[in-house]
2 protein chains.
Amino acid sequence: MNHPQPGCPHPRSLFHAPTRYALQALVRMPGDGTYRLARNLAAELDLPGPFLAKILQTLAHADILESLRGPTGGFRLTRAPERITLREVVVAMEGPEPFEDCLLGHAVGGGGCHCPIRPAWDVLQTLLTTTLARTSLRDLQVAQAHHGPPEDPDRSVAAPV
Amino acid sequence: MNHPQPGCPHPRSLFHAPTRYALQALVRMPGDGTYRLARNLAAELDLPGPFLAKILQTLAHADILESLRGPTGGFRLTRAPERITLREVVVAMEGPEPFEDCLLGHAVGGGGCHCPIRPAWDVLQTLLTTTLARTSLRDLQVAQAHHGPPEDPDRSVAAPV
DNA sequence: TTATTTTAGGATATTTTAATCCGTTTATTA
DNA sequence: TAATAAACGGATTAAAATATCCTAAAATAA
């Protein structure tokens with residue numbers, strides 16, 4: 001997870017960059033109720049600390065994380081990762097409307113849009129929403145475990161916990 | 001179709017703004033092989049002429065439009081609208097990858113990503129692609145006709161042809 | 001109480017995307 | 001041939017998204 005570089009643009013993502021960072025941070029949150037430092041997490045993700053901190057604050061406002069100030073502080077999940085859905089995270093970061101529906105800019109509410117793609121588009125939107133709603137943070141953590149933690153030169157040889 | 005205003009951000013769209021403008025311009029292209037002026041089209045869409053012109057040039061490079069310079073010139077479709085798919089337009093404007101697949105940033109090619117959402121995500125991506133590939137410009141034109149042309153004060157009372 | 005460590009959050013800077021500008025080229029018309 | 005009207009396309013500007021900075025507030029520990 002590197003910063004965007006000149007000549008190396010962001011991947012074309014369905015969601016904004018902070019949303020992806022939020023997911024990647026949440027996946028690495030401890031499941032045992034202990035607090036984790038924003039700075040620590042930012043180093044692991046190779047993101048600037050204050051930037052990630054802002055994202056974590058947003059998640060805290062959305063009741064996905066809770067924070068504690070001071071020397072023993074940091075962030076932790078408000079619930080078990082099984083009970084946090086990707087949909088919840090995306091809504092917290094992007095707002096309730098993940099993307100505009102009508103390709104032609106027709107009003108979507110009130111039956112304003114009758115494009116021939118409308119039915120298929122609704123299926124797509126529903127599938128996206130239900131996919132996000134069915135997948136929990138825990139599911140992503142399992143996937144992350146298979147990939148191992150990101151490269152960290154200091155621990156690349158042996159790291160007994 | 002108005003310019004983005006301060007305090008009135010773009011709708012959160014699956015695609016970039018120029019892609020939506022391209023679709024809206026293409027929908028309004030004549031089907032009889034006559035050329036239409038970029039300036040004329042831009043006025044109807046309430047977009048700046050030179051900006052839309054650049055978008056039309058991109059479509060011309062992609063062999064969706066063809067252009068003619070000079071007093072009788074303009075742009076026209078290279079084919080009947082039945083034979084132009086939305087997928088083709090989106091690829092012309094956005095490149096071959098409409099969005100990055102893995103929410104966690106895992107490599108997608110070479111079997112790098114094994115998230116639990118991967119199968120559902122693939123379904124989503126396939127559905128998007130096939131939906132775009134199955135819908136022709138002609139289909140959108142039919143939908144547009146039902147909405148009527150965009151508001152134009154000069155013609156709001158009666159406009160014989 | 002004082003020093004230290006952490007999050008909080010507003011202000012600022014940078015990068016990318018979107019939009020504009022302007023001189024050039026090509027075709028038509030007089 | 002000269003004047004005009006259109007697309008062409010590089011350079012520039014503006015806006016939005018992304019990233020950074022800095023001071024305040026809160027919790028802990030000496």
Side-chain angles (χ1 to χ4, degrees), chain A residues 1-22 24-25 29 34-43 45-62 64-76 78 93-95 99, chain B residues 1-13 15-22 24-25 29 34-43 45-62 64-76 78 93-95:
Chain A
M1 195 52 38
N2 295 316
H3 302 174
Q5 301 293 333
C8 172
H10 271 115
R12 183 64 47 90
S13 171
L14 191 52
F15 304 115
H16 286 177
T19 301
R20 280 179 279 121
Y21 299 153
Q24 298 189 16
M29 277 294 173
T34 58
Y35 288 92
R36 178 156 193 196
L37 296 185
R39 178 162 39 81
N40 178 333
L41 198 47
L45 295 172
D46 192 18
L47 283 173
F51 183 46
L52 181 62
K54 194 144 298 184
I55 292 168
L56 298 181
Q57 284 170 31
T58 300
L59 294 171
H61 292 157
I64 292 167
L65 292 178
E66 60 190 359
S67 63
L68 182 67
R69 302 186 193 190
T72 63
F75 292 88
R76 68 178 179 189
T78 57
M93 298 302 297
E94 305 254 341
F99 51 78
Chain B
M1 199 55 36
N2 296 312
H3 301 173
Q5 301 293 334
C8 171
H10 272 114
R12 184 64 49 90
S13 172
F15 305 116
H16 286 179
T19 302
R20 282 180 278 121
Y21 299 154
Q24 299 188 16
M29 278 292 175
T34 58
Y35 287 93
R36 178 156 193 195
L37 296 185
R39 179 160 40 79
N40 177 333
L41 198 48
L45 294 173
D46 191 17
L47 283 173
F51 182 46
L52 181 61
K54 194 144 297 186
I55 292 168
L56 299 180
Q57 284 170 31
T58 299
L59 294 171
H61 291 157
I64 292 167
L65 291 178
E66 61 191 358
S67 63
L68 182 67
R69 301 187 195 190
T72 63
F75 292 88
R76 68 178 180 189
T78 56
M93 298 301 300
E94 305 253 341

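This is a predicted model, so every value here is computed, not measured.
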A.B. asks: Identify, residue by residue, the members of residues 51-59 of chain A with a heavy atom below 4.0 Å from DNA chain D, and return them in order of residue number, or none.
C.D. replies: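 Listed by number, they are F51(A), K54(A).
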A.B. asks: Can you give each donor-acceptor pair under 3.5 Å made by side-chain atoms of residues 66-75 of chain A, sequence neighbours left out, with the distance rounded to 0.1 Å?
C.D. replies:
| unit_1 | atom_1 | unit_2 | atom_2 | d |
| --- | --- | --- | --- | --- |
| E66(A) | OE2 | R76(A) | NE | 2.7 |
| E66(A) | OE2 | R76(A) | NH2 | 3.0 |

A.B. asks: For F15(A) and P50(A), take the nucleotide of DNA chain D holding the closest heavy atom to each; which residue's nucleotide lies nearer the 5' end?
C.D. replies: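 So the residue in question is F15(A).
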A.B. asks: Is there a side-chain contact between Q57(B) and L65(B), using heavy atoms and a 4.5 Å cut-off?
C.D. replies: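 No; the side chains remain at least 4.5 Å from each other.
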A.B. asks: Starting at atom OH of Y35(B), determine the distance to atom C1' of dA7(D), rounded to an integer number of angstrom.
C.D. replies: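 Distance check: Y35(B) OH to dA7(D) C1' gives 12 Å.
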A.B. asks: Can you check nucleotides 26-30 of chain C for protein contacts, nitrogen or oxygen pairs under 3.5 Å, and list what you find?
C.D. replies:
| unit_1 | atom_1 | unit_2 | atom_2 | d |
| --- | --- | --- | --- | --- |
| dT26(C) | O4' | R69(B) | NH1 | 2.9 |

A.B. asks: Using a 4.0 Å heavy-atom cut-off, does G74(B) contact any base of the nucleic acid, only the sugar-phosphate backbone, or nothing at all?
C.D. replies: sugar-phosphate
A.B. asks: Does dA19(D) have OP1 or OP2 under 4.0 Å away from a side-chain N or O of Y21(A)?
C.D. replies: yes
A.B. asks: Kindly write out the residues that satisfy ring pair (Phe, Tyr, Trp, His ring centres under 6.0 Å) with Y35(B), not counting sequence neighbours, or none if the list is empty.
C.D. replies: none
A.B. asks: Please tell me if H61(A) has a side-chain N or O lying less than 4.0 Å from either OP1 or OP2 of dG9(C).
C.D. replies: yes
A.B. asks: Over how many whole Å does the gap from R76(B) atom CZ to dA6(D) atom C1' extend?
C.D. replies: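 Rounded to whole Å, this separation is 15 Å.
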A.B. asks: side-chain hydrogen bond (donor to acceptor under 3.5 Å, both in side chains) with E94(B): which residues, sequence neighbours excluded?
C.D. replies: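 R12(A), T19(B).
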A.B. asks: To the nearest 0.5 Å, what is the distance between CG on L59(A) and NZ on K54(A)?
C.D. replies: 14.0 Å
A.B. asks: Quick one: is H16(B) getting a side-chain N or O under 4.0 Å of the dT17(C) phosphate, OP1 or OP2?
C.D. replies: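 For dT17(C), neither OP1 nor OP2 has a side-chain N or O of H16(B) closer than 4.0 Å.
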A.B. asks: To the nearest 0.5 Å, what is the distance between CZ (R20(A)) and CG (L45(A))?
C.D. replies: 12.5 Å
A.B. asks: Can you name the residues that form a side-chain contact (heavy atoms from CB on, under 4.5 Å) with A62(A), not counting sequence neighbours?
C.D. replies: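 For A62(A), the residues satisfying side-chain contact (heavy atoms from CB on, under 4.5 Å) (neighbours in sequence not counted) are I64(A), A92(A).
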A.B. asks: dA7(D), dA19(C), dT18(D): which one has an atom nearest the side-chain heavy atoms of F75(B)?
C.D. replies: dA7(D)
A.B. asks: Considering non-hydrogen atoms only, spot the tightest contact between P18(A) and M93(A) and give its length.
C.D. replies: O-CE, 3.6 Å
A.B. asks: So do the side chains of L47(A) and Q24(A) get within less than 4.5 Å of each other, counting heavy atoms only?
C.D. replies: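 A side-chain contact under 4.5 Å is absent here.
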A.B. asks: Looking for any heavy atom pair under 4.0 Å, which part of the strands does A60(A) touch: base, sugar-phosphate only, or nothing?
C.D. replies: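 Answer is nothing: A60(A) stays at 4.0 Å or more from every strand.
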